[in-house]
Amino acid sequence: MPSTTPADPSKALAGRDTISVERGTLGLSARGKTPLRAADGSVVGEVSVGFRVADIRTYMWQQLGVAGIVAGCALLLGVAGSALLSRRLKRLTLGLEPAELAELVQEREAVLRGISEGVLAVDATGRVSVCNSEAVRLLGVDPAPGAAVAEAGLPPGLLAVFEARAADNVITVAGDRVLVVNYRAVRRDGRDLGGVLTLRDRTDLENVTRELDSVRTLSNALRASRHEFANRLHVRSGLLQNDYRDEALEYLHLVAGGALAAAGPVGAVDDPYLQAFVAAKTAEVAERDVRLTLSDTSWVGTRVTAPVEVTTVLGILVDNALEAARLGARRPAWVDLALLSDDDALHLSVVDSGDGLDPALAPGAELFTAGISTRGEQGRGLGLSLARQAARQLGGDVRLATPAGEGHGAVFEARLPHALVPVAT
């Protein structure tokens, strides 16, 4: 029990501080006494201070209330912050729990590594989020996650797909590969999550197609020659059966002379592939009211060693020239082809009577980009890219020499090293 006697001042006067809880005239109070000293250090009196215990308890409860309010507010803020953070995380993870996210990542890795197609995914801001190993192999680049698509080193054809955000079995060229591209936008609950680009390698199929085109060209030429030879043989057989020997001999000379005259400079081309190509294309363009001629300066004194690549480049350039001549304003429409051998290299140029190309395309860089068409039509703009690709497989190139000239249209030139049997020295 606290003392009810008056506080003894002797301790304070003796120079000691004292603290006590006593009941006085004001009730129970906490008191403190301290000596009052003179300048020389002697005790000359005391100072006494007291507080009612009831006031102390009231102050304590007030402070506890304030502390409780502060703690409650902090708790409420923490709960609210946790709820907002949880809601944001739920939105960012599409409502998936951590275990579900881990399982989803494992499944995604298994799928991306297991499929035979290249997959390149971007987020809503156009940055790379996924690029599997097959896409790296097909594209020849390995964009880091988070890199902008425009800075990932992708071919222009793929950049155009990402800008359009649409592609359905679009054929494009990446390096030395022909790819089939599809793009699908990804949305969930109305939110734009980006898109996924899938890539399929069509290089082998394209090579087979080229070989088939070459075989078809030779087949058409042989078929035309067979019909012509059969007709002439029937005439000669009829003359001989009717004992018109002199007329048969005269007819033979006429046919031989006419054939040589019709062949013209083809006689300066010894390779059967080139001869068959020119013969087949000449018969084909005649049906389109276009005349195909072989330049007088043409000369190939050896054989072709890479018929697929040579006929691919020749076929694309000649077909483009025939189309330009047919649509041009000049009449009669014509295409002139020049072939010249230089040891094991084949040089060729193609000029047409068309209206030519825009002079701004003189450098020809964009002209050989897959998907770039001078006619601005969908599904076109692949031929020149394939022609340049075939030429570069031999170590050569295709270029636009002149976009237009006096009395003629565009002039394309190609150099195909190692396409011929070297000339013996």
Side-chain angles (χ1 to χ4, degrees), residues 118 134-141 153-158 170-181 199-218 269 271-278 280-281 300 302-321 337-350 363-373 380-401 410-423:
E134 183 66 10
V136 173
R137 185 184 71 85
L138 295 178
L139 298 176
V141 296
L154 300 178
L158 293 184
V170 174
I171 299 177
T172 187
V173 175
D176 59 349
R177 297 188 177 277
V178 180
L179 305 177
V180 179
V181 180
L199 308 166
R200 283 179 292 159
D201 193 357
R202 194 184 170 184
T203 306
D204 294 339
L205 179 60
E206 192 64 30
N207 291 336
V208 173
T209 302
R210 291 180 195 171
E211 295 181 6
L212 180 60
D213 290 339
S214 300
V215 173
R216 184 181 293 113
T217 298
L218 296 178
V269 178
D271 181 73
Y273 289 104
L274 296 178
Q275 291 180 355
F277 175 86
V278 174
K281 285 297 180 182
V300 179
T302 183
R303 297 297 182 90
V304 169
T305 60
V308 174
E309 289 78 5
V310 170
T311 54
T312 295
V313 176
L314 266 176
I316 291 174
L317 294 183
V318 170
D319 286 344
N320 287 353
L337 172 64
L339 301 172
L340 183 64
S341 61
D342 179 15
D343 195 20
D344 67 343
L346 175 64
H347 298 265
L348 61 96
S349 67
V350 180
E366 293 185 355
L367 194 63
F368 294 90
T369 300
I372 302 299
S373 172
R380 299 181 64 92
L382 192 63
L384 289 177
S385 176
L386 294 176
R388 171 167 281 186
Q389 176 182 328
R392 288 181 174 178
Q393 287 179 354
L394 297 174
D397 204 354
V398 179
R399 71 183 186 95
L400 173 64
V411 179
F412 283 89
E413 295 179 348
R415 181 178 61 88
L416 306 177
H418 316 299
L420 304 173
V421 176
V423 177

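These numbers were taken from a predicted model, which means no experiment stands behind them.
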Practice task
Determine the minimum heavy-atom distance between Thr312 and Ala390, stating which atoms define it.
Solution key: CG2-CB, 4.0 Å
Exercise for the section: Evaluate the criterion side chain to side chain contact (heavy atoms under 4.5 Å, CB included) for residue pair Val421 and Asp344; output intermediate values, then yes/no. Expected result: CA-CA 5 Å; Val421 176; Asp344 67 343; over 6 Å; no
Exercise for the section: Would you indicate whether the side-chain heavy atoms of Val310 and Leu420 approach each other to under 4.5 Å? Expected result: no
Practice task
Quick one: closest heavy-atom pair of Gly118 and Glu134, and the distance?
Solution key: N-CG, 3.6 Å
Exercise for the section: For Ala306 and Leu394, work out which heavy atoms get closest and say how close. Expected result: CB-CD2, 3.9 Å
Practice task
Evaluate the side-chain proximity of Leu314 to Lys281: yes if any heavy-atom separation is below 4.5 Å, no if none is.
Solution key: no
Handout entry: Heavy-atom check, side chain of Val304 versus side chain of Thr311, under 4.5 Å
Key = no
Handout entry: Under 3.5 Å: donor-acceptor pair, side chain of Gln275, backbone of Val269
Key = yes
Handout entry: Test side chain to side chain contact (heavy atoms under 4.5 Å, CB included) applied to Asn320 and Val350, step by step
Key = CA-CA 10 Å; Asn320 287 353; Val350 180; over 6 Å; no
Exercise for the section: Of all the heavy-atom pairs spanning Leu400 and Phe412, show the shortest one and how long it is. Expected result: CD1-CZ, 3.7 Å
Handout entry: Spatial distance of atom CZ (Arg137) from atom CG (Leu199) [nearest 0.5 Å]
Key = 10.5 Å
Handout entry: N-O pairing of Asp397 and Arg392 below 4.0 Å
Key = yes
Problem - Side-chain heavy atoms of Leu339 within contact of Asp271, under 4.5 Å - result: no
Practice task
Check Arg399 against Arg388 and note the closest heavy-atom contact, atom names and distance.
Solution key: CA-NH2, 4.3 Å
Handout entry: Ala387 to Val398 - nearest heavy-atom pair and separation
Key = O-CG2, 3.8 Å
Handout entry: Point-to-point distance, once rounded to the nearest 0.5 Å, from NE2 of His418 to CG of Leu346
Key = 13.0 Å
Exercise for the section: Would you give the length of the straight line joining atom CZ of Arg415 to atom CG of Leu340, rounded to the nearest 0.5 angstrom? Expected result: 13.5 Å
